[in-house]
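First the structure, in the form of structure tokens, and then the observations on it.
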Amino acid sequence: MEKKVVLITGCSSGIGLGLAVLLASDTYQRFKVYATMRDLSKKENLLESVRDCHADTFEILQMDVTDQQSVVSTIEKIKEQRVDILVCNAGIGLMGPIECHSYEAIKKMFDVNLFGTISTIQAFLPGMKQRRSGRVIISSSVGGLQGIPFNDVYCASKFAVEGLCESLAIVLQHFNIHVSLIECGPVSTNFMNNLNFLDTSDSSLQNVDSDTHSLYDQYLQHCQTIFQDVAQDTEEILQVFLEAIDAPIPSLRYFTTQFFMPLIKLKLSCDGGSEYVRAMHKFVFSGVKPKSESK
Ligand SMILES: NC(=O)c1ccc[n+]([C@@H]2O[C@H](COP(=O)([O-])OP(=O)(O)OC[C@H]3O[C@@H](n4cnc5c(N)ncnc54)[C@H](OP(=O)(O)O)[C@@H]3O)[C@@H](O)[C@H]2O)c1
């Protein structure tokens with residue numbers, strides 16, 4: 001059986017690394033994985049994890065999603081000259097009161113999360129369209145569906161990715177190309193350590209008004225509790241990616257957790273959105289949990 005060629009962005013750690021390993025070690029060797037990362041000096045963890053994989057199921061390539069030249073030149077390095085499954089996973093976070101973020105930090109985040117995703121899709125889509133076949137899978141977030149306090153810019157980038165993919169999915173149906181957004185809640189990866197967040201001692205917070213400062217302190221505590229209570233293991237998330245990869249006709253959205261569903265449903269209900277704003281405020285600042293069926 002011909003192997004499915006998979007290209008994944010952001011494989012130096014976390015979900016990207018885990019997915020690359022999972023697919024490269026598939027029992028039936030169904031996949032040839034091109035695991036890409038922007039900085040090849042970070043490849044040791046991945047190499048260590050794929051040590052026992054068959055050589056022809058795996059290859060590491062350098063690719064920085066913010067560098068168009070790097071994205072385009074990656075296509076030429078793919079021996080099979082095609083990608084069947086494109087996984088846009090590279091992403092960074094940014095947390096804190098909006099007035100404290102530098103323009104550079106905001107731009108960098110949009111460059112990776114939104115423009116990086118657009119460039120990657122632009123590069124690999126024409127081949128898929130020509131073959132009338134393909135899958136595009138995105139590491140999205142519940143933060144792409146609901147506003148989260150002090151994650152304004154991150155949510156803006158993921159909302160944009162949601163709009164991008166939902167729009168693309170409509171036209172791509174015609175080409176037998178399926179787009180799937182994996183809506184992750186908190187995941188126990190290095191994401192929180194890697195994200196650019198203002199801690200309470202950060203000097204840029206000195207200029208923020210005391211109410212915002214205190215709300216942000218409360219949010220950071222809430223965030224810690226949420227990660228302790230509902231963060232999922234990477235393995236759990238990877239099974240959802242696998243579900244999207246294996247589905248004969250994949251869905252547009254896959255939710256890795258039901259925990260945030262009540263808030264998402266509230267947001268989509270027809271009250272103009274105010275109820276959602278109140279419920280999220282209560283959840284974050286008064287600890288009133290949304291009613292959820294399970295984790
Ligand atoms: N963890 C969570 O709680 C969570 C929740 C919802 C959604 N997500 C989404 O899941 C995705 C993966 O995150 P993760 O949890 O696995 O975090 P992670 O361990 O920090 O992984 C992020 C990956 O993106 C890569 N990256 C950053 N900038 C890049 C660029 N310019 N070009 C190529 N790669 C780049 C990083 O590479 P470097 O090591 O070189 O920086 C790293 O490999 C992200 O899109 C994130 O938004 C995560």
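Both counts, for ligands and for their atoms, begin at 1 and track the order of listing.
- With atom 5 (C) of ligand 1 as the reference point, the heavy atom nearest to it among Ser141, Gly185, Pro186, Gly116 is part of Gly185.
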Go through it in stages, so that I can follow the logic: the residues are Arg135 and Asp246, the test is salt bridge (charged side-chain N to carboxylate O under 4.0 Å, His left out), and I'd like the CA-CA distance, side-chain angles, deciding distance and then a yes or no.
CA-CA 11 Å; Arg135 292 197 179 188; Asp246 283 341; over 6 Å; no
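- Every atom of ligand 1 is numbered from 1 in the order shown, and the set under 4.0 Å from a heavy atom of Thr66 is 31 (N).
- Contact between Val142 and Gly185 at its shortest, heavy atoms only, is CG2-CA, 4.1 Å.
- Using the six-membered ring where Trp is involved, Phe283 and Phe260 have ring planes that are perpendicular, over 60° apart on the 30 and 60° scheme.
- Protein heavy atom nearest atom 11 (C) of ligand 1, with residue, atom name and distance: Asn89 O, 3.1 Å.
- Nearest heavy atoms, Lys108 versus Ile92: O-CD1, 4.0 Å.
- Nearest protein heavy-atom neighbour of atom 35 (C) of ligand 1: Ala90 CB, 3.6 Å.
- Around the CD atom of Gln218, the shell of radius 6.0 Å holds more than 12 heavy atoms that belong to other residues, nucleotides or ligands.
- Taking every heavy atom of Ser13 and a limit of under 4.0 angstrom, the matching atoms of ligand 1 come to 18 (P), 19 (O), 21 (O), 42 (C), 43 (O).
- At a 4.0 Å heavy-atom cut-off, ligand 1 touches Tyr154 through the side chain alone.
- Distance from atom 42 (C) of ligand 1 to its nearest protein heavy atom, with residue and atom name: Ser12 OG, 3.5 Å.
- The side-chain hydrogen bond (donor to acceptor under 3.5 Å, both in side chains) analysis of residues 146-158, with sequence neighbours excluded, yields the pairs Asn113-Ser157, Asn151-Tyr219.
- Using a 4.0 Å heavy-atom cutoff, Ser140 is listed among the residues neighbouring ligand 1.
- Thr189 OG1, 2.6 Å is the protein heavy atom nearest to atom 15 (O) of ligand 1.
- The number of heavy atoms from other shown groups lying within 6.0 Å of CD (Gln224) does not exceed 12.
- At least one N/O-N/O distance between Val65 and ligand 1 falls below 3.5 Å.
- Of the N and O atoms on the side chains of Thr212 and Asp209, at least one donor lies less than 3.5 Å from an acceptor on the other residue.
- Ligand 1 has Met63 within reach: a non-hydrogen atom of the residue lies less than 4.0 Å from it.
- Among protein heavy atoms, atom 30 (C) of ligand 1 sits closest to Asp64 OD1, 3.5 Å.
- For atom 16 (O) of ligand 1, the nearest non-hydrogen atom from the set Leu19, Thr234, Thr36, Ile15 comes from Ile15.
- Using a non-hydrogen distance threshold of 4.0 Å, Met37 does not register as a contact of ligand 1.
- The cationic group of Lys129 lies under 6.0 Å from the six-membered ring centre of Phe175 and within 45° of the ring axis, placing it in a cation-pi geometry.
- Residue contacts with ligand 1: Val112 is placed with no nitrogen or oxygen under 3.5 Å of a nitrogen or oxygen of the ligand (distance criterion only).
- Distance from atom 22 (C) of ligand 1 to its nearest protein heavy atom, with residue and atom name: Gly91 O, 3.6 Å.
- Nearest approach of Gly143 to Ile148, heavy atoms of both residues: CA-CD1, 3.7 Å.
- Close contacts of ligand 1 with Ile92, meaning ligand atoms under 4.0 Å from a residue heavy atom, involve 27 (C).
- Under 4.0 angstrom from ligand 1, there are no non-hydrogen atoms of Ser188.
- Enclosure of atom NZ in Lys267 by more than 12 non-hydrogen atoms of other residues, nucleotides or ligands within 6.0 angstrom is indicated.
- Of all protein heavy atoms, the one lying nearest to atom 23 (C) of ligand 1 is Gly10 O, 3.8 Å.
- In terms of protein heavy-atom proximity, atom 41 (O) of ligand 1 is closest to Arg38 NH2, 2.5 Å.
- Heavy atoms of other residues, nucleotides or ligands lying less than 6.0 angstrom from NZ of Lys77 number more than 12.
- Ring geometry, Phe150 versus Phe285: the interplanar angle exceeds 60°, so the pair is classed perpendicular (tilted spans 30 to 60°).
- Under a 4.0 Å criterion applied to the non-hydrogen atoms of Gly14, ligand 1 contributes the atoms 16 (O), 19 (O).
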